[in-house]
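Just so you know, these numbers use all the heavy atoms, side chains as well, and skip hydrogens, waters and symmetry mates.
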Amino acid sequence: MLDDLLTQYVFNKLIDENHPTIEYERCINEKQRKKLCTACEEACQRGIIKSVNLKKIDWYKCINCNICVSSCPSRTIRSSYGAMNKILSAYEIKGEEIILNCNQEQTYSDVKLYCIAACPWEALACLALEKPVIIVRRNCDNCKEQCTNEGLIELNLKRVKEFLGEELYNKRIIINDNMLPIPEKHFSRREMFAFMFKKSRSAISTMLPEDTSIKLDGMVYRKLLANRLKNVEYLNIKQRKFGWRTPIFGSRCWGCGICERVCPQKAIHISKGEKGNGIMNHTAWKCDGCGVCETVCMDKAIEGMKVVYVDNVFMPIRTKIKSGICKQCGAPVKPKDGEELCMTCYHKKNSVNGGK
């Protein structure tokens, strides 16, 4: 399976894919209609994306900036292979740090993107786990392309800080925004030749999880991040717990299952607990914090998100909930006095009794 992924990667690289890819079925707006998400439309530098109709995009006008990728809360949009290659190739760079900047910066960089905002927080966190990352933001205020999305950059940095924790963040994320000199890197002729012709195949094969269910979709950076934590003992850090966002299931939650059904990443699973009560299982590494679960909850039982620091990201975070049991079929119902029937059995009963 991994070889198939690499073949797919190389093939798309050869045909020079020059724009991101949208997986329409995972879009928040396909999951619910209560609150329209316009993140990609607002981020698009050329105004070619319309949130209400993602299937009608004139990709010939796309400049391959990939800012929409980083802005999408449900990771519905996958990076173009060119942008993915720039970020993942940084793992092959020698030196004490990784330098990331934008096209407006004329100095040397290990990762040069159209805009720093195009680097998803998961990709930045992956790089920071390896070595310190110097983010050059000296031209943001006077961006000639007027492409700087300061709000998105700050949001991504905030999420990286939540993930790493303040102490590790201060050691691994270095912001250069005041014309300080950039560290110079010197290469031998052999190293420069290897740098110019990096083997992207080896970089991808090193990073991708060996899981037959993995595919190169909009969650690829999240999967790479989770994969690095499987082998965190090989990283040059002592930290073992990292911060992930998880929904707050309040006392009004009774396990109706709507959030489980609409979650774009299948991060929520409801299981049975003791005495018929339920357990909300949340797989934090899959959750992108899109908020669709909170939006669709009819009982307003999801009370926002919180950051939880865990040492095993693959173990779901469990929350016990109180739930009644349908007298007819055993499905969960709201705990209340009197006869307890789920909506399906309730309507069946009414139809038999003639609606009385």
Side-chain angles (χ1 to χ4, degrees), residues 1 4-5 7-88 113-115 117-123 145-147 149 151-152 155-156 204 208 213-224 258-268 286-297:
M1 183 64 182
D4 292 339
L5 282 173
T7 302
Q8 175 189 350
Y9 177 88
V10 173
F11 175 77
N12 282 278
K13 189 174 185 298
L14 288 174
I15 64 174
D16 194 24
E17 181 191 59
N18 58 1
H19 63 75
T21 300
I22 298 178
E23 299 173 47
Y24 308 102
E25 69 280 359
R26 293 230 311 263
C27 177
I28 289 177
N29 297 332
E30 292 294 321
K31 298 289 184 179
Q32 55 83 38
R33 300 291 180 180
K34 295 179 68 174
K35 185 178 180 181
L36 180 67
C37 176
T38 59
C40 58
E41 181 176 342
E42 294 172 7
C44 182
Q45 300 297 299
R46 292 297 181 265
I48 64 173
I49 298 179
K50 303 300 178 184
S51 301
V52 294
N53 196 347
L54 292 178
K55 293 185 178 181
K56 289 189 176 181
I57 298 176
D58 187 357
W59 289 115
Y60 288 103
K61 295 181 180 179
C62 176
I63 58 175
N64 199 24
C65 70
N66 284 265
I67 298 178
C68 60
V69 175
S70 182
S71 69
C72 178
S74 64
R75 294 300 183 249
T76 295
I77 310 176
R78 190 206 72 206
S79 293
S80 67
Y81 283 88
M84 196 183 302
N85 179 47
K86 288 180 180 179
I87 294 174
L88 297 184
L113 302 173
Y114 178 81
C115 175
C119 185
W121 78 263
E122 301 96 328
E145 295 288 333
Q146 296 183 341
C147 64
N149 191 323
L152 182 56
L155 184 64
N156 286 334
I204 297 291
L208 278 176
S213 65
I214 298 300
K215 64 177 182 177
L216 293 179
D217 55 17
M219 288 285 286
V220 64
Y221 295 119
R222 186 75 56 83
K223 294 168 184 175
L224 298 180
I258 292 179
C259 58
E260 181 180 16
R261 292 192 292 272
V262 302
C263 178
Q265 314 303 348
K266 305 300 181 185
I268 299 174
K286 292 183 179 180
C287 177
D288 41 43
C290 67
V292 66
C293 56
E294 185 177 2
T295 300
V296 302
C297 183

If you round to the nearest 0.5 Å, how far is [atom2] of [Y] from [atom1] of [X]?
X      : Y      : atom1 : atom2 : value
Ile67  : Glu42  : CD1   : CD    : 13.0 Å
Leu113 : Lys86  : CG    : NZ    : 6.5 Å
Cys293 : Arg261 : SG    : CZ    : 13.5 Å
Asp288 : Gln265 : CG    : CD    : 4.5 Å
Lys56  : Lys50  : NZ    : NZ    : 13.5 Å
Cys72  : Ile77  : SG    : CD1   : 4.5 Å

**Prompt:** Are any of the side-chain nitrogens in Lys223 or Asp217 under 4.0 Å away from the carboxylate oxygens of its partner?
**Reply:**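 Salt bridge present between Lys223 and Asp217.
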
Using a 3.5 Å distance criterion without hydrogens, assess whether the side chain of [X] forms a donor-acceptor pair with backbone atoms of [Y].
X     : Y      : answer
Asn85 : Ala83  : no
Asn66 : Ser80  : yes
Arg75 : Cys290 : no

**Item:** All pairs passing ring-ring contact (aromatic ring centres under 6.0 Å, His included) where residues 30-61 contributes a residue, at least two apart
**Value:**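 Of all non-adjacent pairs touching residues 30-61, those that pass ring-ring contact (aromatic ring centres under 6.0 Å, His included) are His19-Trp59.
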
Checking [X] now: which residues fulfil side chain to side chain donor-acceptor pair (under 3.5 Å) with it, not counting sequence neighbours?
X      : answer
Glu294 : none
Ser74  : Thr76
Asn156 : Ser70

**Shortest non-hydrogen contact between Leu54 and Ile22, atoms and distance** =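 In this case the closest contact between Leu54 and Ile22 is CD1-CG2, 4.0 Å.
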
**Item:** Minimum-distance pair of heavy atoms, taken over all atoms of Leu152 and Ala117
**Value:**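 Distance-wise, the nearest heavy atoms are CD2-O, 3.6 Å.
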
**Message:** Please identify which of these residues, Cys65, Cys62, Cys115, meets the side-chain contact (heavy atoms from CB on, under 4.5 Å) condition with Gln45.
**Reply:**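 Considering Cys65, Cys62, Cys115, a side-chain contact (heavy atoms from CB on, under 4.5 Å) with Gln45 is found only for Cys65.
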
Scan the side chains in residues 30-37 for donor-acceptor partners under 3.5 Å anywhere in the protein, sequence neighbours excluded, and list what turns up.
from  : atom 1 : to     : atom 2 : distance (Å)
Gln32 : OE1    : Lys34  : N      : 2.9
Gln32 : OE1    : Lys35  : N      : 2.9
Gln32 : NE2    : Lys35  : O      : 2.7
Arg33 : NH1    : Asn29  : O      : 3.4
Lys34 : NZ     : Thr295 : O      : 3.1

Excluding sequence neighbours, so at least two apart, what forms side-chain contact (heavy atoms from CB on, under 4.5 Å) with [X]?
X      : answer
Ala123 : Ile87, Cys119, Pro120, Tyr221
Cys44  : Ile48, Ile49
Lys55  : Tyr24, Asn53

Close side-chain approach of [X] to [Y], heavy-atom, < 4.5 Å:
X      : Y      : answer
Met219 : Glu122 : no
Cys40  : Ser51  : yes
Pro73  : Ile28  : yes

